[in-house]
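Just so we're clear, the structure is a prediction, and the values are computed from it rather than from any experiment.
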Amino acid sequence: LRPLGLDGVILSLITEVSVLRSRVDKAAVETSSLRSKQICAVNEVGLLKSNATKAEVREAALERRLAALEADAEAREVAFARLLAAVEARAAPAASEHELV
């Protein structure tokens, strides 16, 4: 190996600076890509949270609707039982009269 002259040292430093700039540029591109991915991930999380909230709201509405339908069904069953009892009560005297004849 022979010693580098001043021109050789300057050329070596210029080459090294060029390599370092290239690495910095590459790192900047990677950083930008990672930031884009991070933004996408944050947006996706926001969308998932929004969808989860909407699903919870829908679930609560469906639970209320189900409770209302169950209450309505119970009320109809009670009304039907009362109607049936009234019909049977009216039919009982008629049946007794029929048996007497």
Side-chain angles (χ1 to χ4, degrees):
L1 294 173
R2 59 188 179 115
L4 296 174
L6 184 56
D7 289 341
V9 169
I10 291 173
L11 185 59
S12 175
L13 289 174
I14 289 172
T15 303
E16 190 173 339
V17 166
S18 177
V19 168
L20 290 175
R21 280 187 182 158
S22 175
R23 288 180 185 167
V24 167
D25 289 345
K26 183 179 176 184
V29 168
E30 289 175 5
T31 299
S32 176
S33 175
L34 289 173
R35 283 186 183 146
S36 293
K37 288 178 183 178
Q38 180 186 22
I39 289 169
C40 288
V42 167
N43 289 339
E44 189 173 346
V45 167
L47 181 62
L48 290 172
K49 285 182 179 178
S50 174
N51 287 343
T53 300
K54 288 176 186 176
E56 289 171 357
V57 168
R58 278 189 221 123
E59 180 184 15
L62 288 172
E63 286 175 353
R64 287 190 302 273
R65 178 72 177 136
L66 178 60
L69 289 172
E70 288 173 343
D72 183 57
E74 288 176 16
R76 287 174 188 257
E77 286 177 15
V78 168
F80 179 74
R82 287 181 182 159
L83 180 61
L84 183 60
V87 167
E88 289 174 347
R90 286 186 182 173
S96 297
E97 289 176 11
H98 184 70
E99 289 174 1
L100 295 175
V101 174

Does [Y] offer a backbone N or O that forms a donor-acceptor pair with the side chain of [X] under 3.5 Å?
X   : Y   : answer
S32 : A28 : no
T31 : A27 : yes
S12 : G8  : no
T53 : K49 : yes

Find the distance between [atom1] ([X]) and [atom2] ([Y]) and round it off to the nearest 0.5 Å.
X   : Y   : atom1 : atom2 : answer
S18 : R23 : OG    : CZ    : 11.0 Å
I39 : R35 : CD1   : CZ    : 8.5 Å
N51 : E44 : CG    : CD    : 10.5 Å
L69 : R64 : CG    : CZ    : 13.0 Å
L20 : T15 : CG    : OG1   : 11.0 Å

Any side-chain heavy-atom pair from V9 and L13 closer than 4.5 angstrom?
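Result yes, sub-4.5 Å side-chain heavy-atom pair found.
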Between I14 and I10, is any pair of side-chain heavy atoms under 4.5 Å apart?
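Side-chain contact under 4.5 Å: yes.
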Would you mind checking if D72 and R76 are paired as a salt bridge, meaning a charged N to carboxylate O distance below 4.0 Å?
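Counted as a salt bridge, because a side-chain N and a carboxylate O are separated by less than 4.0 Å.
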